[in-house]
2 protein chains.
Amino acid sequence: MPSTPLRTDPPAHGAQPVTGLRERKKAKTRASIRSHALHLFKEQGYAETTVEQIAAAAEVSPSTFFRYFATKDETVLDDLIDADTFRIMVAAPVELNPIEAMQYAVNRTFARMTDEMLDLEITRNALIQSVPELRKGVMAEINRPIELLTEAIAIRLGRPTDDPDLRLYAGAAVGALMTLTQARDEPRAAMTSLGELIGRLDRVLHLPPA
Amino acid sequence: MPSTPLRTDPPAHGAQPVTGLRERKKAKTRASIRSHALHLFKEQGYAETTVEQIAAAAEVSPSTFFRYFATKDETVLDDLIDADTFRIMVAAPVELNPIEAMQYAVNRTFARMTDEMLDLEITRNALIQSVPELRKGVMAEINRPIELLTEAIAIRLGRPTDDPDLRLYAGAAVGALMTLTQARDEPRAAMTSLGELIGRLDRVLHLPPA
DNA sequence: ATGCTTTTGATAGTGACTGTCATCTCTTAG
DNA sequence: CTAAGAGATGACAGTCACTATCAAAAGCAT
């Protein structure tokens, strides 16, 4: 919390905030720590990897590690919920119903990803599935996607964002989706077939009219 | 895991396992630790209370504390998901539909509780709502109630326990219920009006026929 | 270069949790 | 009633995530 922020971060719109020279190094450090952390986790396991090791691998001090990531699990869980996907959902063709719009957005998100991004996602997902502590962390933030989904549906349907039925519907959708993805054994399948899984939601969900 | 369990715990039926003398002391110690922990949490806050303090208050060593509770938060979260409620749900009058049966079971569970049990629940609930780490712990076990609910509905309807539609339905129900209870500000209301909240589920849920 | 801010590393904690081992206390066989 | 075995306890030492503090270093502007 700087006292006189002469040049703070731009309001975080869709466009890239014109990288400000010094901040590039920070982004690089952050990415480096994250990357080294994930590699180490994959090689030695999550619990077996200490923050000290990660810091050493990324060539920073442990102090610095904690300046970039508040907790060890943040290296895995950060950015997990992709706000972009919900933005795509909002912008999906109007004739799609909410569930179809979700499918559209998810499929499109996967299509946008490069192979290495997909690999990263899969690694991450495998970690989350296998390490209880990480699974815990994901669940803890379950409200975020519910919130985002509520909002996305509200915008699409021109309904108020605080419509209780919408929130209820979104909560049910996320809950159902959660059970669907967790039922899968292989992490790869759960991820790539996400679009298909969403299609099953309308078997049990029903959106009450405004 | 004793090598020769001459007298292990009975198969845990509904009836009370005839308490075996020494085990009574263990139960007492466990209850004591838990009670002291909750009181301290309420007085000084969760993070501000150390395991050492709890152990001291309960007059055991820190080592012993960890023999009874694997983690600090287990003192709060243990026994949170009440399997009995689901048992009551299974036994609810046949003419009730799944949602009505849930309401029936929840209301009955509250009715069974003594005042101090209710107080305990409310304290616990307030803690969970206010301490992020505890909330995390609850979310982590979200699968348990989904599982139990799936099973309860399956039994009531005479459908197979692994019916994917039922699991989906249960997941949606729990997800929706979660958002409903979290929307509330005052913990007391969220708990005691749980039965009423469940009634709203059928606004968005719909169980596909077998 | 000279000030200023921001980032960094070193250091010293705290507290949850683990593992080990000797002691002590029940329980049961004899 | 007692001895032996099993289980429970406490003391101790250690690991590791995470916090707080402070001085040195590096980026940036004038």
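The basis for the numbers below is simple: all heavy atoms, side chains too, and nothing from hydrogens, waters or symmetry mates. Every chain is numbered from 1 and lettered A, B, ... according to where its sequence line falls, protein lines coming before strand lines.
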| message | Please evaluate residues A:Thr109 and A:Glu121 with respect to the criterion side chain to side chain contact (heavy atoms under 4.5 Å, CB included), reporting the C-alpha separation (whole Å), side-chain torsions for both, the decisive distance (0.1 Å), and the verdict. | response | CA-CA 12 Å; A:Thr109 299; A:Glu121 281 309 308; over 6 Å; no
Below 4.0 Å: OP1/OP2 of C:dG9 and any side-chain N or O of A:Thr64: yes
| message | Is a donor from one side chain sitting under 3.5 angstrom from an acceptor on the other, for B:Ser32 and B:Thr29? | response | no
- Task: Go through the side-chain N and O atoms of B:Thr161 and B:Glu151 and say whether any donor and acceptor fall under 3.5 Å apart.
- Result: no
Between [X] and [Y], does any side-chain N to carboxylate O distance fall below 4.0 Å?
X	Y	answer
B:Glu147	B:Arg144	no
A:Lys136	B:Asp73	yes
B:Arg124	B:Asp78	no
A:Arg112	A:Asp82	no

Distance, rounded to the nearest Å, where [X] contributes [atom1] and [N] contributes [atom2]:
X	N	atom1	atom2	answer
A:Lys26	D:dA26	NZ	C1'	14 Å
B:Phe69	D:dT9	CZ	P	12 Å
B:Gln53	C:dC17	CD	P	15 Å
B:Glu59	D:dG10	CD	C1'	14 Å
A:Ile54	C:dG9	CD1	P	15 Å
A:Lys25	C:dT8	NZ	P	9 Å
B:Lys28	C:dT25	NZ	C1'	16 Å
A:Glu23	C:dT6	CD	P	12 Å

Using a cutoff of under 3.5 Å, can you pull out all pairs of nitrogen or oxygen atoms linking the protein to nucleotides 14-19 of chain D, with atom names and distances?
residue: D:dA17; atom: OP1; partner: A:Lys72; partner atom: NZ; Å: 3.3
residue: D:dA17; atom: OP2; partner: A:Val51; partner atom: N; Å: 3.2
residue: D:dC18; atom: OP2; partner: A:Lys72; partner atom: N; Å: 2.7

Taking the six-membered ring of A:Tyr46, is the NZ or CZ of A:Lys72 close enough (under 6.0 Å from the centre) and on axis enough (within 45°)? yes
* A:Arg203 to B:Tyr169, cation-pi by 6.0 Å centre distance and 45° axis angle -> no
* So what does B:Tyr68 touch, heavy atoms closer than 4.0 Å: a base, only the sugar-phosphate, or nothing? -> sugar-phosphate
Donor/acceptor link under 3.5 angstrom from B:Arg67 side chain onto base of D:dG7
no
The helix from C:dA1-D:dT30 to C:dG30-D:dC1: angle between terminal helix axes, five bp per end, to the nearest 10 degrees, reads 10°
